[in-house]
Amino acid sequence: DRHAADPYIEHTFDAFHECEKLPALLRVTKEWMPPDGCSIGTRIGSIVPVFFTRGGYARLVADPNVLAIEASREGGCR
């Protein structure tokens, strides 16, 4: 691949419906704009929190201004 896309995302989509959105963090260029199927949080430099649909994910993977995609995972102490 052209950039680092987290394989966890592909596996997680199998458990979700098409209309549901998954959270992730992106590393992007200054020129990046969110595609259809993505909603973003506050951008901090080149890091952007996003929620995306399966279609939005396909657009992110194809976007040359997306440098990395990392799935959000459950955090905290156990």
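Nearest heavy-atom pair, Ser39 versus Lys21, reported as atom, atom and distance to 0.1 Å: OG-NZ, 3.7 Å.
A heavy-atom distance below 4.5 Å is not found between the side chains of Pro23 and Val50.
Both Ile40 and Val66 sit in one connected hydrophobic cluster of ILVMFWY residues. Membership requires side-chain heavy atoms under 4.5 Å apart, directly or through other members.
Hydrophobic side-chain contacts under 4.5 Å tie Ile47 into a cluster, directly or through other members, with Leu25.
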Please tabulate, for the side chains in residues 26-33, all donor-acceptor contacts under 3.5 angstrom to protein atoms that are two or more places apart in sequence or on a different chain.
unit_1	atom_1	unit_2	atom_2	d
Thr29	OG1	Glu31	N	3.4
Thr29	OG1	Glu31	OE1	3.2
Thr29	OG1	Asn65	OD1	2.8
Trp32	NE1	Asp63	OD2	3.3

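Remark: the backbone N or O of Gly45 is paired with a side-chain donor or acceptor of Arg43 at under 3.5 angstrom.
Interatomic distance, SG of Cys38 versus OH of Tyr57, reported as 11.5 Å (0.5 Å rounding).
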